[in-house]
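First the structure, in the form of structure tokens, and then the observations on it.
Every heavy atom of this structure was used, including side-chain atoms; hydrogens, water molecules and symmetry mates were not.
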Amino acid sequence: MASLMQQIVDGEDIGFARPLRLGFAFLLLTGLCLAQKTDLTQLSIEDLVDIQVTSASKKAENLFGAPAAIAVLTGDDIRRGGFTTLPEALRMVPGLYVARTNSHIWQISARGFSDINNNKLLVLVDGRSVYTPVYGGVFWDVLDVPLEDIDRVEVIRGPGGTLWGANAVNGVINIVTKRSKRTQGAMVSTSADLEEGYTTTVRYGGRFGSNLSYSMFGKASYWQPFASTSGGPFPDGFVLPQGGARLDWVASDKDTVGIEGGAYDGRFRSPQYFTAVPTTFLVKGSHVLVDWRHTISPRSNTQTMAYCDWYARFGAPSDARNTCDLEFQHAYASKRHSLIWGGSFLSTGDDLSADPVPFAPERLRTNVGSGFAQYEVAAIPERLRILAGAKLEHNGRSGFEYQPQIRAVWTPNKFHALWTSVSRAVRIPARVEGDIQLTIPTGVINGEPAFLHVIGNPNLKSEHLSAYEAGYRFQSGQVISFDLAIYYNRYNNLIVSPPALPQFFPTVIFFESQYINHGSAQTHGAELSAKWRPVRRWTISAGLTETRGSADALQATPEHLFNVQSRVDLPHQVELDSTVYHYSSIPVGNLISSLPLQGVPAFNRVDVGIAWHPSRRWTFAIWGRNLQSDRHVETRNTILGDAAGGVPRSVSIKLLWQSTPEKGGSK
């Protein structure tokens, strides 16, 4: 054993970079120190794979038997990781590529096509879509959900269009928050990090009688500006105060109603588009959501949800938007058969007059109507399930769309599960692709000024994905489990901007490029996750992601990702946790205007933290992050002019107090 440890530290015949070698040495040493220790109460491996999920088939089912590539990030996972933001916590999910550009910009993707706004990944908070149709993607900086309020995050890699609609092409991230009955009493959570910033959350929950519970929170986050790898400051600081409330009412034996809402009003620093002038910009928004669930009989139930969302964001991009959505779903199940069907109507309008990039028209309202149905049969009871369904949708941009799928899962016994699927998904053209009218000065050619003119195309059609997936899960009692997914994705009708063609005029030269449906691409790969509990106090988790495919699909996505996490429960209510990450390099690429994009070298990341629970009400934690280097760059500069800063080495101190320890149970 001593010789093995020496090989790991010295790197002989192992092949890891030194930070990774040290990280693995730490994990191994920790486990050896605990080899003879005993019990602390925690979930077994079997419990972890039996977590209830709803995103794969829109009904509650065990994670182990879900017919999709799905992973669950629990609230305890987030707490044990010592994270202060949701995007950072998502780094742990196998199959997700998470990289940070500066203090408030993250790039998150699955199965390729990474960008500042990933237009092929749908993100939901309690069923409310936070996908923006202007540039396509998610503004992760304002998705600052209090981490203590998150019950779980269900992450589907692969298409989810049949159940969740357009733009759920490469994945769905469904953030599920806790019901107010689980957030009773007072809570204060705060963290301080001299390099990255500060955040504080205050929450209080109570009851009116036995059937009505509520909770409300206030949160403030301030993220320090990043610096370049040479140490020069960037103008990218971010501050976001916000508040929210939730009410849960058990109206009768058959009816429950949930009402939630929130608002934020923040500021961020960024260079003005086309200039290097630092400017402070405004972000603000609010939402309200009502969810009514009715039980008709033990075999039949309905869910009706309605929400409205308003936000305004200035800078680049700018978007003032209001959205309202009404959804209905009915589920029926017998011993061997089940049917889920429903429909929705969404209306969203925007005002882009403040965006430095011109759009025509500046204001636009789009209505989307849809209906879906999914039928499931237990072809062999408790062994073989087959699901088939489709979603029919009409939107104001590309017209009528259909998204079918068929899935099957075979569980020969409680240790093994195999699943496969064939599905189709679509991505609706974003406003930037259909309505942009952008002219950029590019210099002087032969004494004449030259400009790049990028033109939107209002006649674009949706991008199409044909996806083929298969997976295998294994779990052996309380000791070990692993989950493997492989896939092949074929994309057609990709929206691209062809090389700009010059047009010569007496006093000026124009290079003109218009978006068209012309591209095709493919991606394929494998995603593996595993958990191992060598002793009852120690759990090791690992994730490996291998992504291959067309150059256009992978130009900003690393081919290799992996992470290893160690969780140790020490005596006297002390937790020792550590994680090692590895990201392979991103090559030099090109933008639509043939302007070069810098590459990103491979990098490693090592996080180590310790938490102490002197009582059920108090938690103290200290975390060291990015311990392997002073600073490292994780992404390219963005197309909108945000420079990629150096993610710093940092130390954060966290404190949590709650008057009433949280009760168990999930949503």
Legend entry - Any donor-acceptor N or O pair under 3.5 Å, side chains S462, E401: yes
Inset, instruction - Indicate the atoms forming the closest heavy-atom contact of F217 with P146, along with that distance. - result: CE1-CG, 3.4 Å
Inset, instruction - Mind checking the CG-CD1 spacing from L73 to I150? Nearest 0.5 Å is all I need. - result: 8.0 Å
Legend entry - Neighbour count above 12 (heavy atom, 6.0 Å) for R321 CZ: yes
Inset, instruction - For L96 and L561, work out which heavy atoms get closest and say how close. - result: O-CD1, 3.8 Å
Legend entry - Plane angle bin for Y311 and F139 - parallel if under 30°, tilted between 30 and 60°, otherwise perpendicular: perpendicular
Legend entry - Check: F372 ring centroid to W164 ring centroid under 6.0 Å: no
Inset, instruction - Taking salt bridge (charged side-chain N to carboxylate O under 4.0 Å, His left out) as the test, write out the residues that go with R427, two or more places apart. - result: E433, E463
Inset, instruction - Taking atom CZ of F345 as the centre, report whether more than 12 heavy atoms of other residues, nucleotides or ligands fall under 6.0 Å from it. - result: yes
Inset, instruction - Measure the shortest side-chain to side-chain distance between V125 and L143 over non-hydrogen atoms and say whether it is less than 4.5 angstrom. - result: yes
Legend entry - Electrostatic pair K59-E61, nearest N-O below 4.0 angstrom: no
Inset, instruction - Return yes if a side-chain donor-acceptor contact under 3.5 Å exists between N170 and Y491, otherwise no. - result: yes
Inset, instruction - Please examine the side chains of D115 and N118, heavy atoms only from C-beta on, and report whether any two atoms are closer than 4.5 Å. - result: no
Legend entry - Side-chain heavy-atom pair K391, S370 within 4.5 angstrom cut-off: yes
Legend entry - Option from I259, L247, L326, T304 for which side-chain contact (heavy atoms from CB on, under 4.5 Å) with V290 holds: I259
Inset, instruction - Examine distances only and state if a side-chain atom of K178 and a backbone atom of E148 form a donor-acceptor pair shorter than 3.5 Å. - result: yes
Legend entry - Results of side-chain hydrogen bond (donor to acceptor under 3.5 Å, both in side chains) for T411 - residues two or more places apart only: none
Inset, instruction - Evaluate the ring planes of Y472 and H416, with Trp represented by its six-membered ring, and classify them as parallel (under 30°), tilted (30 to 60°) or perpendicular (over 60°). - result: parallel
Inset, instruction - Would you mind checking if K219 and D144 are paired as a salt bridge, meaning a charged N to carboxylate O distance below 4.0 Å? - result: yes
Legend entry - The single option from L86, D151, V155 passing side-chain contact (heavy atoms from CB on, under 4.5 Å) against I175: L86
Inset, instruction - Check whether the side chains of S566 and W538 place a donor and an acceptor atom closer than 3.5 Å, and report yes or no. - result: yes
Inset, instruction - Could you tell me whether I486 atom CD1 has more than 12 heavy atoms of other residues or ligands within 6.0 Å of it? - result: no
Legend entry - Derivation and outcome, side chain to side chain contact (heavy atoms under 4.5 Å, CB included), residues R533 and V479: CA-CA 5 Å; R533 180 164 291 164; V479 179; 5.7 Å; no
Legend entry - Donor + acceptor pair across side chains of E393, N395 (<3.5 Å): no
Legend entry - SB check R293 D291 (cutoff 4.0 Å): yes
Legend entry - Heavy-atom check, side chain of I480 versus side chain of F474, under 4.5 Å: yes
Legend entry - Other residues, nucleotides, ligands: >12 heavy atoms within 6.0 Å of W310 CH2: yes
Inset, instruction - Could you tell me the separation between the CD atom of Q184 and the OG atom of S215, rounded to the nearest 0.5 Å? - result: 7.5 Å
Legend entry - I380 vs W410 side-chain heavy atoms within contact, under 4.5 Å: no
Legend entry - I173 and its side-chain contact (heavy atoms from CB on, under 4.5 Å) partner, picked from V93, L90, L122: L90
Inset, instruction - Would you mind checking if R111 and E469 are paired as a salt bridge, meaning a charged N to carboxylate O distance below 4.0 Å? - result: yes
Legend entry - salt bridge (charged side-chain N to carboxylate O under 4.0 Å, His left out) involving R424 - partner list, sequence neighbours excluded: none
Inset, instruction - Give a yes or no on whether D253 atom CG has more than 12 heavy-atom contacts from other residues, nucleotides or ligands under 6.0 Å away. - result: no
Legend entry - Heavy atoms of other groups near R383 CZ, more than 12 under 6.0 Å: yes
Legend entry - Close side-chain approach of N167 and N119, heavy atoms under 4.5 Å: no
Inset, instruction - Just jot down the side-chain hydrogen bond (donor to acceptor under 3.5 Å, both in side chains) partners of E382, sequence neighbours excluded, or say none. - result: none
Inset, instruction - Under the salt bridge (charged side-chain N to carboxylate O under 4.0 Å, His left out) rule, collect the residues that match up with D149, sequence neighbours excluded. - result: R203
Inset, instruction - Using distance alone, with no hydrogens and no angle criterion, decide if T323 and D309 have a side-chain donor and acceptor under 3.5 Å apart. - result: no
Inset, instruction - Kindly say whether the aromatic ring centers of Y487 and Y468 come within a distance under 6.0 Å. - result: no
Inset, instruction - Could you pull out all residues at least two apart from R79 that satisfy salt bridge (charged side-chain N to carboxylate O under 4.0 Å, His left out)? - result: D76, E575
Inset, instruction - Return yes if a side-chain donor-acceptor contact under 3.5 Å exists between W292 and D255, otherwise no. - result: yes
Legend entry - Derivation and outcome, side chain to side chain contact (heavy atoms under 4.5 Å, CB included), residues Y332 and W341: CA-CA 9 Å; Y332 173 82; W341 65 274; over 6 Å; no
Inset, instruction - Please determine if R473 and D483 form a salt bridge, counting it only when a charged side-chain N lies under 4.0 Å from a carboxylate O. - result: yes
Inset, instruction - Taking atom types as modelled, find out whether T295 and N301 have a side-chain donor-acceptor pair closer than 3.5 angstrom. - result: no
Inset, instruction - For D126 and T177, indicate whether the former's side chain and the latter's backbone hold a donor-acceptor pair under 3.5 Å. - result: yes
Legend entry - Derivation of the side chain to side chain contact (heavy atoms under 4.5 Å, CB included) call for L656 and V188: CA-CA 6 Å; L656 182 143; V188 178; over 6 Å; no
Legend entry - Donor + acceptor pair across side chains of D248, S180 (<3.5 Å): yes
Inset, instruction - Check the pair Q374 / Q405 against side chain to side chain donor-acceptor pair (under 3.5 Å), numbers first and verdict last. - result: CA-CA 9 Å; Q374 178 170 275; Q405 71 173 11; 2.8 Å; yes
Inset, instruction - Give a yes-or-no answer on whether the side chains of H613 and T619 include a donor-acceptor pair shorter than 3.5 Å. - result: yes
